[in-house]
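See structure below.
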Amino acid sequence: MTENDGYTASELLAVMSARLLEDGQCVFAGVGIPLLAATLAQRVHAPGLTILFEGGVVGPFVVPGELPPTTNEQRCTRRANMVMGITDVLLLLQRGYVDVGFMGGAQIDRYGNLNSSFIGDPDDPKVRLPGTGGGNDISSLTQMIVAMKHEKRRFVDKVDFITSPGFLAGGTSRGDSGLVTGGMYRVVTDLAVLGFDERTRAMKIAALHPGVTAEEVRDNTGFDLPIEAQAPTTEPPRAEELAALREFDPERLYIA
Amino acid sequence: MTENDGYTASELLAVMSARLLEDGQCVFAGVGIPLLAATLAQRVHAPGLTILFEGGVVGPFVVPGELPPTTNEQRCTRRANMVMGITDVLLLLQRGYVDVGFMGGAQIDRYGNLNSSFIGDPDDPKVRLPGTGGGNDISSLTQMIVAMKHEKRRFVDKVDFITSPGFLAGGTSRGDSGLVTGGMYRVVTDLAVLGFDERTRAMKIAALHPGVTAEEVRDNTGFDLPIEAQAPTTEPPRAEELAALREFDPERLYIA
Amino acid sequence: MSQPYLDLRAKTKARDRRLRDKVMSLEAAAALVGDGDHVALGGCTASRTPFAMIWALVRAKRKGLTISRSIVSTEGDVLFASGVSAHIMTSWFSQGIVWGISKVMRHYTESKRARFEEWSHMSMGLRYRAGAMGLPFLPARSMMGSDVAARLGDEVRKMTCPYTGEQLVLLPALNPDVALIHVPRCDAYGNAQIDGLQFMDADIAMAANKVILTTERIISNDQIRRAPDHTKIPFFTVDAVVEVPYGSAPHECYGLYEPFFGHMDDYAEQTARDPEAGAKDYLERFYYAPESWADYLGLIGMDAVLDAARRGRSITND
Amino acid sequence: MSQPYLDLRAKTKARDRRLRDKVMSLEAAAALVGDGDHVALGGCTASRTPFAMIWALVRAKRKGLTISRSIVSTEGDVLFASGVSAHIMTSWFSQGIVWGISKVMRHYTESKRARFEEWSHMSMGLRYRAGAMGLPFLPARSMMGSDVAARLGDEVRKMTCPYTGEQLVLLPALNPDVALIHVPRCDAYGNAQIDGLQFMDADIAMAANKVILTTERIISNDQIRRAPDHTKIPFFTVDAVVEVPYGSAPHECYGLYEPFFGHMDDYAEQTARDPEAGAKDYLERFYYAPESWADYLGLIGMDAVLDAARRGRSITND
């Protein structure tokens with residue numbers, strides 16, 4: 001994926017994940033690609049999508065060219081229906097008002113567990129990452145879509161640290177831990193759309209992006225990644241999708 | 001106590017209980033005499049008294065002649081510093097911001113337990129009373145002042161039902177039940193000011209109102225009521241106190 | 001292990017939570033309440049009581065409702081006497097302290113024809129809040145030692161705090177089937193702004209499985225979006241919006257009208273003489289006879305409406 | 001059995017909670033913070049960060065503070081690099097997502113000279129809320145199964161719900177020694193109004209044993225009393241009020257100014273090159289050298305102030 005295809009990897013990510021959002025849903029969106037993709041979905045095919053930001057914002061309209069630097073600044077409240085406290089907006093997840101959580105990821109494993117805390121041994125880390133933010137709560141309490149770059153160092157057999165729970169050790173282990181709802185729904189990358197096996201809860205290829213082979217995906221994945229029978233190829237980003245994205249992010253903060 | 005003394009029993013109650021409130025305290029006041037007495041205290045000797053109403057009101061000034069019918073109507077918010085939710089204002093008691101709770105009572109026993117729920121057997125009551133309101137919470141979570149008419153049917157050996165806990169069965173039983181703070185401080189009646197023994201937690205006469213004898217108090221009490229050594233006689237209501245009261249309640253809703 | 005949480009989530013997921021027009025008539029909204037439902041009422045005592053919706057439910061002859069509210073005033077009498085409910089859960093139940101004990105409440109509860117289930121005021125609030133938070137309970141330091149808790153039996157459990165060894169009571173969550181809430185203004189989608197006293201309304205709306213708002217007026221969504229920090233109830237919790245001016249009469253709506261004291265005095269007098277017949281007569285005259293809410297207000301009287309409004313609006317006069 | 005609740009009550013009782021004038025200088029307010037205190041910060045990421053108070057604490061060479069906040073941005077770097085704190089409790093710690101990972105945070109934590117104790121975002125909120133409610137903990141359905149909870153050991157307990165048999169985590173209350181909160185306006189007594197994003201501030205104020213408010217402006221108590229439903233923090237929780245225009249710079253204050261992006265870009269670049277020396281140089285230039293908060297703002301630059309204000313005020317332009 002390069003500029004040669006007419007879009008960047010980030011644009012592809014934003015478009016492909018936006019398409020997974022359905023009209024009428026409440027989506028809890030993180031900053032960056034998720035915010036951009038949710039806004040895109042709202043403008044293109046899901047006008048009844050309600051966006052929630054963890055800063056405490058319900059149903060805002062992000063103003064083109066004024067993307068907020070995080071979900072905790074005034075820009076993300078523009079033309080919102082409601083602003084509430086952080087704890088209260090996170091409790092909407094626990095109460096069940098949120099259909100889908102949507103965030104980026106630094107490192108993910110075969111069961112969809114996300115790590116945004118430590119690279120290496122947590123007691124003596126190579127890199128101390130910024131941490132969970134709302135990630136742990138969102139992924140504990142609702143169904144998840146994750147958007148991230150497909151690189152071998154990011155798709156690892158076992159994350160160094162489970163910051164945001166996916167299916168933990170697979171099978172029924174998530175439910176057994178006390179997390180009786182939610183779980184990973186899709187991981188969207190610049191190469192493919194990934195799903196999870198109903199029983200084992202292991203990651204698998206659900207769809208390939210245009211021009212990408214299963215082999216290429218596996219080469220960029222640190223664990224064995226099966227492909228669904230008849231996994232389709234996704235439709236390339238359409239001109240209107242790309243135009244909308246570029247209108248939102250003219251400074252290319254997130255789509256570069 | 002009659003109009004012959006220049007004041008009614010209710011006026012005496014309001015004045016005597018107002019005097020127990022100290023400048024700088026936060027008082028959680030019920031409607032009726034408590035509201036009136038707290039307002040009186042604020043105007044006469046405790047300008048730094050903060051009044052809280054269970055409707056969710058912090059630091060109001062009650063407007064003379066517009067006494068609210070309950071603590072849940074707009075009149076009790078007049079010139080308040082803050083209005084918050086009911087649960088939140090009650091939680092101030094649990095957090096410890098409130099120095100004293102102040103309410104009326106229908107029936108009280110020797111350990112200061114209050115009944116405002118049932119006269120007779122709760123399963124087959126002679127009278128179903130209106131219930132606890134905030135009473136149970138206030139008396140569970142802070143130190144209490146209770147203002148009530150002194151009648152034998154109200155001062156009973158054992159209440160039919162403990163709506164608002166005083167010292168329960170006396171001694172350490174209140175703390176043992178899990179109520180680690182609060183407890184009865186004073187009961188103010190139209191005959192006397194009553195306190196509680198430090199050890200047994202039984203009620204006793206702490207002061208007598210002008211012209212009242214210990215005998216007269218006992219005659220109107222349904223249980224044995226000792227008198228403190230050197231229990232003083234209270235100072236009669238002063239003209240300024242009565243004038244202020246009558247300014248607040250010109251329709252004599254509560255002071256009749 | 002019971003699964004009320006999974007049931008609650010499933011019900012919530014099945015609701016249409018889009019930003020959509022929910023404006024309807026009182027009668028259409030009343031049809032959203034089913035016989036036997038647990039119905040929570042917003043407001044408190046004589047403030048923002050959802051009287052117009054209660055009026056519609058009485059007229060629709062709804063049966064077997066369990067009612068919950070922070071404090072119950074005359075609407076409890078009406079619900080008992082009309083046969084709409086024989087079970088009210090609250091912390092205090094009477095018209096208001098200046099009118100003494102409700103004879104109607106006494107009549108129905110002492111004869112065991114109806115039940116007044118008593119919880120402490122904060123317990124009611126924490127039960128709604130637990131429901132709003134998606135929790136099965138909230139802990140508290142109140143209610144211990146008293147007969148209020150004892151009478152509720154297993155509904156109030158105790159625990160020892162694993163951090164401090166302290167005793168705590170646990171208050172089980174309430175997730176009402178329906179909440180009826182009266183607000184001064186909201187948009188057609190249900191974003192509601194509430195001035196002044198908030199009571200337990202935000203928690204009740206968040207906890208309930210269905211919310212019916214009655215509102216003094218409907219404002220545009222654009223007005224909501226200009227002050228999103230004034231929204232107290234978000235649209236996605238709301239299922240119906242009904243515009244009903246003076247929708248809390250004869251109780252008050254903050255900043256708009258105070259209680260209709262004359263009407264409430266008359267009601268108290270009439271029901272004190274004969275609770276059952278008095279209440280029935282009252283229902284006949286004010287609930288069944290009028291053809292519309294405007295007719296009902298007309299029976300209360302234009303002078304009374306204007307007087308209540310004058311007093312209500314005076315809150316900001318000084 | 002420990003007695004943190006009785007201690008909390010005793011501390012609260014000992015505070016002077018009267019409606020009294022609490023206006024003082026930044027320096028006098030800084031003296032209310034003791035070495036070793038647990039200090040909670042209001043705001044979130046780059047919003048309403050109490051930077052003026054942090055600036056004063058750095059200048060006063062306060063030591064050994066434990067810091068807690070919902071999300072920590074550049075103020076965390078400053079607190080580590082200045083030696084004011086070596087222990088920060090939060091859910092996310094870096095300047096902000098557009099600037100990548102904080103090199104200063106990495107430098108101090110990876111070398112074990114400071115500790116970043118990680119809790120989930122909602123857990124931080126519920127810990128403050130438990131403290132605000134006078135409870136020893138609040139239950140929740142988050143944090144289970146993850147290494148975030150596991151790493152916190154006994155601080156996160158589990159329980160089985162006695163009503164439903166479900167597993168719940170318990171989050172222990174936080175009652176900070178001091179809370180530093182920046183608000184757009186409050187009166188001299190500490191009644192604060194906060195527009196827009198509320199974050200965890202109301203809970204933090206209610207939970208803390210001492211509250212220092214910095215405010216863009218002090219308004220009269222009369223203005224507060226005209227709209228008591230807009231008060232978000234009540235006066236009796238507040239111990240000090242300091243008027244500091246642009247008191248969150250270079251972060252934002254809702255409706256008044258957005259973040260000073262240019263300054264934050266420069267900071268990120270300077271600390272990325274050499275976290276320790278970069279941060280020390282930054283502290284030297286912006287914290288120790290200026291004689292006053294106005295001097296500090298002057299160093300950031302009048303153009304930057306005006307630009308941030310223009311952007312901040314534009315929120316209601318459309």
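By convention in this document, chain letters (A, B, ...) are assigned in the order of the sequence lines, proteins followed by strands, and residues within each chain are numbered from 1. Quantities reported herein were computed from a predicted structural model and do not represent experimental measurements.
Across all their heavy atoms, R15(C) and Y97(A) have their closest contact at NH1-OH, 3.6 Å. Closest non-hydrogen pair, A80(A) versus P228(C), comes out as O-CB, 3.3 Å.
Neither the backbone nor the side chain of D16(C) has a heavy atom closer than 4.5 Å to any heavy atom of chain A. For K11(C), no part lies near chain A; criterion is any non-hydrogen pair under 4.5 Å. In this structure, chain A has a heavy atom under 4.5 Å from the side chain of L6(C), while its backbone stays farther away. Proximity to chain C (any heavy atom under 4.5 Å) is shown, for L90(A), by neither the backbone nor the side chain. Neither the backbone nor the side chain of A10(C) has a heavy atom closer than 4.5 Å to any heavy atom of chain A.
F235(C) has its side chain out of reach of M82(A): every pair of non-hydrogen atoms, C-beta onward, lies at least 4.5 Å apart. R9(C) has its side chain out of reach of V180(A): every pair of non-hydrogen atoms, C-beta onward, lies at least 4.5 Å apart. A heavy-atom distance below 4.5 Å is found between the side chains of D222(C) and R79(A). The side-chain heavy atoms of Q94(A) and Y5(C), taken from C-beta on, include a pair separated by under 4.5 Å.
Distance alone, capped at 3.5 Å, places no donor-acceptor pair between the R18(C) side chain and the G24(A) backbone. Between the side chain of R95(A) and the backbone N or O of A207(C), at least one donor-acceptor pair lies under 3.5 Å.
To the nearest 0.5 Å, the span separating OG1 on T12(C) from CG on D99(A) amounts to 10.0 Å.
Options N81(A), V83(A), T50(A) differ in how many heavy-atom pairs under 4.5 Å they form with chain C, and the most are formed by N81(A). Options D23(A), V98(A), L92(A), T77(A) differ in how many heavy-atom pairs under 4.5 Å they form with chain C, and the most are formed by L92(A).
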